[in-house]
Amino acid sequence: MERLLRGRLGNRVAAGQPDLTNHHHPIPSKALHIGAPFSCEVHMPVTAAQLKKLFPNAKPELVAAVIDGWPQAEAAGITTKQRMALFFANVGVETGGLRLIVESLNYTSAARIRAVWPSRFKTDAAAQPFVRQPQKLANKVYNGRMGNRSGSNDGWMFRGSGMMQTTGRENYTALGFGDNPDALRDPATAFSTAVREWAKRGCNAMADRGDVKACRKAINGGAIGLAEVEALYAKALTVFAGADQTATSKPYVAAVSLSKGAMTPPPPKDLIEKVQQLLRERGYPEVGNVDGKMGARTRNAILAFQADNTLALTGEISDALLSDLIKAPQRPVAPERAEATAKTLKDAPSIQQGQALKTGGLIAAGASIVGGVVDGTVSVDDVVGHITTGKMIWAALGGAAPWIVGAVLAGIGAYYGARFVQEQVQAYREGRHV
């Protein structure tokens, strides 16, 4: 995609890093718990004047989102001149100077489309049908990868959004926006998600050693836009020259409560498991497995649940959260999800596995029947009779010709393959499967 400079945000969700996503509502500064490098000292806040100096054409609503959400950035350790400068250099490139947080893909010429996606459009004639057709173009260039399904509208729904331009269904889902992609296009959420991505990639340490290239690769997945980031970084260093230099890079092992400044012990395993199970039952499959481990996926799911139910966004497990989960209604399912079919989910690995088992079973069954009929050792009625008599498998196959055994076993495989596909589709429709 072109985030003005075609940056791409890869699948970069790593466990053990801070979770600061604001899915729908501002994170209350007194209720935020994180496990991240930060300093508890007071730091210089970002001002509108600084942002205007750095980004002269910035949109007021995006400037306001940064200023209002800056306590989250401070909690993530973005508190020194170097860190602030490199953070805003990357955000500036991704948003065109705090002007855009949603990729439009509304290109006005075939030549420009080819310049952005040279491997996908070899000629102007190939690109021409997509001129001024942003939705059509998004589905062309993004479907079939990054978790987007072929033949669907995923490319458009999960186009680049936010201040780090998250792209693709799997990346939206990892951040808790799989069922509500539009939430990432809210200015406040766009900023808090950018803070979270910065922290997850360990960018503070890179900023401390002045490694602009490594930071760009961590955020973008490559070096696209590196020259622009370097130029903005140099400018930002002068804008934030007075920032506090005392932030620490040493991470805390346990979560820290910013409101109390005290270490918070990890919740017991059985409580984590109960919360994970309830999250799955309520329609938050992004929680992952019920394993009793408090990782990034569990925090993402908790944040999504809290946002959906207008609760304080802590991302933490507590008895209060457990109570809220028990009382909570089922998560609303998007119409697209509720109407999903095996065809629309054909790119999902689980569906592909089930279809492969079904197809393989049918082919093997057919081959066994044909083989038996050809050599005269079995008739079609023999095979059907063994399958439909209602006998136990070992009784039905006892003493039967090898062709019959092969056909029956293959038929069973086809049956369970088809059943598995149906179960997976139903789980997806009900929000129990990502």
Side-chain angles (χ1 to χ4, degrees), residues 1-12 55-59 62 89-175 177-178 181-187 190 193-194 197 213 216-232 336 344 346-347:
M1 71 167 268
E2 184 186 30
R3 297 176 275 175
L4 300 181
L5 290 161
R6 293 185 59 226
R8 288 184 174 85
L9 180 63
N11 185 9
R12 302 190 298 271
F55 308 119
N57 299 314
K59 288 189 174 181
L62 298 186
N90 280 278
V91 166
V93 169
E94 301 300 331
T95 62
L98 281 184
R99 291 186 297 112
L100 302 170
I101 57 173
V102 182
E103 182 184 17
S104 72
L105 294 113
N106 189 25
Y107 294 99
T108 58
S109 71
R112 182 55 182 159
I113 292 176
R114 288 187 62 198
V116 176
W117 289 284
S119 63
R120 295 181 177 273
F121 301 99
K122 301 297 185 182
T123 65
D124 284 353
Q128 188 60 42
F130 300 93
V131 172
R132 300 186 187 279
Q133 297 290 329
Q135 185 170 344
K136 183 178 179 180
L137 178 59
N139 290 329
K140 166 69 175 178
V141 298
Y142 291 146
N143 277 355
R145 60 194 184 99
M146 298 182 291
N148 294 336
R149 298 164 297 177
S150 299
S152 71
N153 195 39
D154 283 359
W156 176 250
M157 289 180 62
F158 300 100
R159 65 193 184 280
S161 297
M163 292 190 185
M164 288 294 184
Q165 289 290 281
T166 301
T167 308
R169 175 185 284 273
E170 64 185 19
N171 296 320
Y172 273 70
T173 299
L175 293 172
F177 302 111
D182 285 336
L184 190 52
R185 292 152 197 157
D186 169 75
T193 304
E197 285 299 301
K213 185 176 182 180
R216 185 60 186 160
K217 183 176 182 180
I219 291 173
N220 169 262
I224 295 174
L226 177 59
E228 289 78 8
V229 168
E230 289 175 335
L232 262 179
E336 182 188 51
T344 60
K346 64 181 180 179
D347 292 326

Can you tell me if Arg120 uses its side chain to pair, donor with acceptor, with the backbone of Val116 under 3.5 Å? no
All side-chain hydrogen bond (donor to acceptor under 3.5 Å, both in side chains) counterparts of Gln135, not counting sequence neighbours: Asn153
ring-ring contact (aromatic ring centres under 6.0 Å, His included) against Tyr172, all qualifying residues, sequence neighbours excluded: Phe158
Would you call Glu94-Arg216 a salt bridge at under 4.0 Å N-O? yes
Could you pull out the closest heavy-atom pair between Ala89 and Val229, with the gap in Å? CB-O, 3.6 Å
Work out which heavy atom in Leu137 is nearest to a heavy atom in Leu105; give both atom names and the distance. CD2-O, 3.6 Å
Do any pairs count as a salt bridge (charged side-chain N to carboxylate O under 4.0 Å, His left out) and have a residue in residues 124-144, sequence neighbours left out, and if so which ones? Arg114-Asp124
Evaluate the criterion side chain to side chain contact (heavy atoms under 4.5 Å, CB included) for residue pair Leu62 and Phe55; output intermediate values, then yes/no. CA-CA 11 Å; Leu62 298 186; Phe55 308 119; over 6 Å; no
Are Tyr107 and Trp117, when compared by the centres of their aromatic rings, separated by less than 6.0 Å? yes
Apply side-chain contact (heavy atoms from CB on, under 4.5 Å) to Ser104 and list each qualifying residue two or more places apart in sequence or on a separate chain. Asn106
Among all residues two or more places apart in sequence or in another chain, which pass the salt bridge (charged side-chain N to carboxylate O under 4.0 Å, His left out) test with Arg185? Asp182
For the residue pair Val102 and Ser161, establish whether any side-chain heavy-atom pair is separated by less than 4.5 Å. yes
When rounded to the nearest 0.5 angstrom, what distance separates CD1 in Ile101 from CG in Asp186? 7.0 Å
Residues passing the side-chain hydrogen bond (donor to acceptor under 3.5 Å, both in side chains) test with Ser109, sequence neighbours excluded, are none
To check you understand the geometry: which heavy-atom pair defines the closest contact between Gly162 and Ala190, and what is its length? CA-CB, 3.6 Å
Nearest 0.5 angstrom please: Leu175 CG to Met164 CE, how far? 11.5 Å
Please report the interatomic distance CG(Leu184) to CZ(Arg159), rounded to the nearest 0.5 Å. 10.5 Å
CZ-CG distance between Arg169 and Asn143, expressed to the nearest 0.5 angstrom: 9.5 Å
Heavy-atom pair with the smallest gap, counting every atom of Ala110 and Ala127: O-CB, 3.7 Å
Smallest heavy-atom separation, Thr95 atom then Met163 atom, equals CG2-CA, 3.7 Å
Start with the C-alpha gap between Phe121 and Val141, add the side-chain angles, then the distance that decides, and say whether side chain to side chain contact (heavy atoms under 4.5 Å, CB included) holds. CA-CA 10 Å; Phe121 301 99; Val141 298; 3.8 Å; yes
For Ser152 versus Arg149, what's the shortest heavy-atom pair and its separation? OG-O, 2.6 Å
Calculate, to the nearest 0.5 Å, the distance between atoms CD and CG belonging to Gln165 and Asn171 respectively. 12.0 Å
If I take atom CG from residue Asn139 and atom CH2 from residue Trp156, how far apart are they, to the nearest 0.5 angstrom? 9.0 Å
Please confirm whether the backbone N or O of Gly168 pairs with a side-chain atom of Asn148, one donor and one acceptor, at under 3.5 Å? no
